[in-house]
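Report on the following structure.
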Amino acid sequence: MEKLCKKVEIDTVFRSRKAVSTPALTLHFSRNSVSRNRVVIMAGKKVGTSVVRNRARRVIWEFLRSSEPLLRQGMDMVWVVRPELGGKSNSEIRSLEESLLKEAGIWAAPKEHPGEFFLDFPSPHGGARGGT
RNA sequence: GGAGGAGGCUGGGUGAUCGCGGGCCUGGCAUCCGUGAAAACGGGUACGACAAGGCCUGAGGAAAGUCCGAACACCAUAGGGCUGGACGCUGGGUAACGCCCAGUGGGGGCGACCCCGAGGAUAGUGCCACAGAAAUGUAAACCGCCGCUUUGGUCGCUUUCCGGUCUUUCGGGACGGGAAGGUGAUUGAUGGUGCAAGGGUGCAACGGUGAGGUAAGAGCUCACCAGCGGCAGGGUGACCUGCCGGCUAGGUAAACCCCGUCCGGUGCAAGGCCAAAUAGGAGGGAAGCAGGGCAAUCGUCUGUGCGAACAGGCGGGAGUUCUGCACCGGCGGCCCGUCGGUCCCUCGGGUUGGCCGCUGGAGGUGUCUGGCAACAGACACCCAAGACAGAUGGUCACCGCUUUCAGGCAACUGAAAGAACAGAAUUCGGCUUACAGGUCGCCUCUUCUG
RNA sequence: GGCCCCAUCGUCUAGCGGCCUAGGACGCCGCCCUCUCACGGCGGUAACGGGGAUUCGAAUUCCCCUGGGGCUA
């Protein structure tokens with residue numbers, strides 16, 4: 001699992017229009033061309049002070065890291081933190097993440113149909129992407 | 001014991017485990033990076049790059065707000081004037097400051113102690129609403145106070161005259177009344193004068209209190225206080241103390257302003273280097289004048305020559321160069337000055353990579369010396385984050401703290417919950433703001449006991 | 001990260017330190033006009049971001065917070 005840094009790649013994830021959300025947390029995701037997962041966690045100024053924002057990033061990142069063996073690989077994820085997350089405890093944040101991952105199909109569920117899920121993935125720019 | 005005052009320190013700890021940033025070491029290595037499906041191509045390097053392991057190290061007192069001051073970098077080695085801005089008791093500290101220390105003055109508190117943007121209102125200008133007679137002018141007189149002029153009322157005393165009652169020694173006497181006049185007290189009206197003490201208005205009314213003085217009053221006179229000026233003494237100074245003088249000067253400068261001191265601008269996204277990529281595009285402005293030098297070349301004259309031509313003189317001269325002015329641009333808004341220049345500005349187009357700056361510094365800690373202190377000096381020891389979507393966290397256990405509940409007379413035991421403000425971004429010195437607690441001595445007032 | 005600016009009724013805005021108990025427009029509410037609606041007329045509702053300081057007096061001047069916005073490779 002590595003970090004997703006470039007603005008162009010992050011914009012690609014947003015353009016895929018695949019997202020699940022709760023009032024406190026939103027997960028945008030798309031499939032990538034690398035075989036590893038790439039993650040970025042965004043916490044804007046409206047979430048709170050730098051202490052609140054950095055704590056949210058660490059907690060989210062730490063849960064993803066510790067539960068990586070259970071996740072499907074080859075995904076780009078953009079986590080967007082919303083102001084409601086400020087008052088949540090660490091265990092609450094973890095359960096929120098788990099439910100979002102399950103909803104997005106990234107969490108390795110008991111019944112696995114990976115091929116079916118990725119079939120309806122929209123290829124951006126009318127299939128102009130090479131290499132897939 | 002209670003109530004306070006001022007200041008310093010600290011900002012949970014230990015262990016296990018999984019992770020993150022930086023550095024070093026070890027072993028392995030023709031490897032590493034980019035493009036590519038691969039082959040391959042391009043590039044970097046054996047003081048190298050990558051991955052693994054080990055070790056070391058890794059947020060704050062405010063890292064914050066960005067309110068001041070600097071260092072550093074570029075713009076000229078940061079220049080002059082105007083404008084503008086900041087500061088403002090005194091002395092010291094400091095690289096510097098709007099900060100700190102010590103003092104002065106004022107205000108608050110019984111006190112320890114705390115607070116103060118605290119230069120100039122006699123340099124000038126402005127403003128002081130409403131109310132009030134009057135809001136700064138040696139002004140003004142509403143209610144008032146005083147004597148005086150004119151004119152009344154009441155009362156007292158007195159002179160003259162006229163009656164009355166009683167009495168008589170018939171000379172008168174006593175009592176009371178009326179009229180006219182004089183005089184005094186008091187009171188009213190009127191007029192002009194004197195006064196500013198009192199009332200009233202207001203944030204503020206031209207010193208305050210007391211005594212003398214006066215028709216009533218007034219610094220009119222005196223004492224004390226406050227304020228002003230001068231002199232003397234003390235202090236580096238702010239200022240303090242004493243004496244003398246003339247007796248009066250309102251407030252506001254966080255209103256303009258005056259005085260003194262200081263200030264060029266921009267800010268590490270400063271700035272420098274490397275690599276890569278794109279374009280030579282569009283719009284606008286300016287490419288002017290004068291003089292001098294050189295000069296392709298042209299015209300003309302003279303000379304030589306049969307001639308082509310050559311040489312010399314004169315005149316013009318594309319171009320080029322120099323000087324001055326102008327223009328444009330850089331150096332805060334303007335002027336000067338200065339530097340650069342045929343280009344300058346705006347838009348459009350490309351890149352969104354790497355390295356340096358980047359952490360050893362006005363640095364900390366300790367001791368000694370100087371100083372009331374801030375601080376300075378000497379010596380010794382120490383090196384303590386440097387990221388670039390941005391590193392300190394998760395889980396578990398135990399201990400310590402606080403609260404609640406249960407048990408217990410109590411010491412205590414058990415369970416649950418909680419633990420502030422807050423995260424480095426070029427670096428320092430301050431200020432300001434936020435902050436759960438814990439802890440250390442010092443000081444003041446008060447109560448009780450001995 | 002650095003450097004700046006702004007804050008007045010629900011909205012857009014006026015507002016020399018005293019006439020501010022803060023004005024106007026659009027809203028909103030009520031009444032009148034009309035057969036009814038619109039237009040029009042009359043009246044009302046409603047604000048100086050918070051705290052401190054200067055001043056006799058502050059929306060206005062000064063300081064500190066709070067909340068918005070902009071510029072900068």
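The chains referred to below are lettered A, B, ... by the order of the sequence lines, with proteins before strands, and numbering in each begins at 1. Quantities reported herein were computed from a predicted structural model and do not represent experimental measurements.
Side-chain atoms of A/Val81 and A/Met42, non-hydrogen and from C-beta on, never get closer than 4.5 Å to each other. Looking at heavy atoms from C-beta onward, A/Val39 lies in side-chain contact with A/Trp61 at the 4.5 angstrom threshold. Looking at heavy atoms from C-beta onward, A/Ile41 lies out of side-chain contact with A/Val80 at the 4.5 angstrom threshold. Residues A/Leu101 and A/Leu64 are in side-chain contact: their nearest non-hydrogen atoms beyond the backbone lie under 4.5 Å apart.
The two residues A/Ala19 and A/His28 make their nearest non-hydrogen contact at CB-ND1, 3.5 Å. The shortest heavy-atom contact between A/Leu71 and A/Trp107 is CD2-CE3, 3.9 Å. Minimum interatomic distance between A/Leu100 and A/Ser21 (heavy atoms only, all atoms of both residues): CD2-N, 3.8 Å.
Listed by first and then second residue, the salt bridge (Lys or Arg N to Asp or Glu O under 4.0 Å) pairs that reach into residues 49-61 of chain A come to none, sequence neighbours excluded.
Every residue meeting the side-chain hydrogen bond (donor to acceptor under 3.5 Å, both in side chains) condition with A/Ser91, not counting sequence neighbours, appears here in chain and number order: A/Ser89. Under the rule for a side-chain hydrogen bond (donor to acceptor under 3.5 Å, both in side chains), A/Thr49 has no partner lying at least two apart in sequence or in another chain. A/Glu97 meets the salt bridge (Lys or Arg N to Asp or Glu O under 4.0 Å) test with no other residue; sequence neighbours excluded. For A/Lys102, the salt bridge (Lys or Arg N to Asp or Glu O under 4.0 Å) test picks out A/Glu98, with sequence neighbours left out. With sequence neighbours left out, the salt bridge (Lys or Arg N to Asp or Glu O under 4.0 Å) criterion links A/Glu84 to no other residue.
With both ends at atom P, the span from B/rC421 to B/rG91 equals 47 Å, rounded to whole Å. The gap from the P atom of B/rU278 to that of B/rU352 amounts to 11 Å, rounded to the nearest Å. A distance of about 40 Å separates the P atoms of B/rC128 and B/rG265, rounded to the whole Å. Between B/rC115 and C/rC12, the two P atoms lie 44 Å apart (nearest whole Å). Spacing of P atoms, B/rC25 relative to B/rA384, comes out at 16 Å, to the nearest Å. With both ends at atom C1', the span from C/rG69 to B/rA62 equals 28 Å, rounded to whole Å. Annotation: B/rG42 and B/rU57 have their P atoms spaced 48 Å apart (nearest Å). Only the P atoms considered, C/rC63 is 16 Å distant from B/rG98, to the nearest whole Å.
Shown here, C/rC35 forms no base pair; nothing in the strands shown gives a Watson-Crick or G-U wobble contact with both key distances under 3.5 Å. Pair assignment for B/rU154 gives B/rA185, based on Watson-Crick or G-U wobble hydrogen-bonding distances that are each under 3.5 Å. Across all strands shown, the partner of B/rC262 is B/rG85, judged by Watson-Crick or G-U wobble contacts whose two distances both fall under 3.5 Å. Both distances falling under 3.5 Å, in either a Watson-Crick or a G-U wobble arrangement, place B/rA290 opposite B/rU323. Across the strands present, B/rG117 finds no partner; the criterion is a Watson-Crick or G-U wobble pair with both atom distances under 3.5 angstrom. Pairing for B/rA223 is with B/rU209, a Watson-Crick or G-U wobble pair whose two hydrogen-bonding atom distances lie under 3.5 Å. In this structure B/rC445 sits in a base pair with B/rG2, meeting the Watson-Crick or G-U test at under 3.5 Å. When both pairing distances are held under 3.5 Å, C/rU21 makes no Watson-Crick or G-U pair with any nucleotide shown.
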Nucleotide N/O to protein N/O under 3.5 Å, stretch nucleotides 420-424 of chain B:
unit_1	atom_1	unit_2	atom_2	d
B/rG423	OP2	A/Ser50	OG	3.1
B/rG423	O5'	A/Ser50	OG	3.3

Check nucleotides 18-22 of chain B for protein N or O atoms closer than 3.5 Å to its own N or O atoms and list the pairs.
unit_1	atom_1	unit_2	atom_2	d
B/rC18	O2'	A/Arg65	NH1	3.1
B/rC18	O2'	A/Arg65	NH2	3.0
B/rG19	O5'	A/Arg65	NH1	3.4

Nucleotides 64-69 of chain C: which of its N/O atoms have a protein N/O under 3.5 Å away?
none

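For B/rG171, the base adopts the syn conformation, since its glycosidic angle falls within 90 degrees of zero. Shown here, B/rG219 is classed syn by the O4'-C1'-N9-C4 or O4'-C1'-N1-C2 angle, which is within 90° of 0. Glycosidic conformation, B/rG315: anti, with the torsion outside 90° of 0. B/rA59 adopts a syn glycosidic conformation, its chi angle falling within 90° of 0. With a glycosidic angle more than 90° from 0, B/rG353 adopts the anti conformation.
In terms of modelled atom types and a separation under 3.5 Å, the side chain of A/Arg94 and the main chain of A/Phe63 share no donor-acceptor contact. A donor-acceptor pair is defined here as one N or O able to donate and one able to accept, closer than 3.5 Å; such a pair exists between the side chain of A/Thr22 and the backbone of A/Leu25.
B/rA389 atom P lies 20 Å from atom CE of A/Met77, rounded to whole Å.
Between A/Arg57 and B/rG393, a side-chain N or O to OP1/OP2 separation shorter than 4.0 Å is absent.
By the rule that hydrophobic residues join a cluster once side-chain heavy atoms approach within less than 4.5 Å of another member, A/Ile93 and A/Leu70 end up as members of one cluster.
A heavy atom closer than 4.0 Å to some atom of RNA chain B occurs in A/Arg94, these being the qualifying members of residues 93-102 of chain A.
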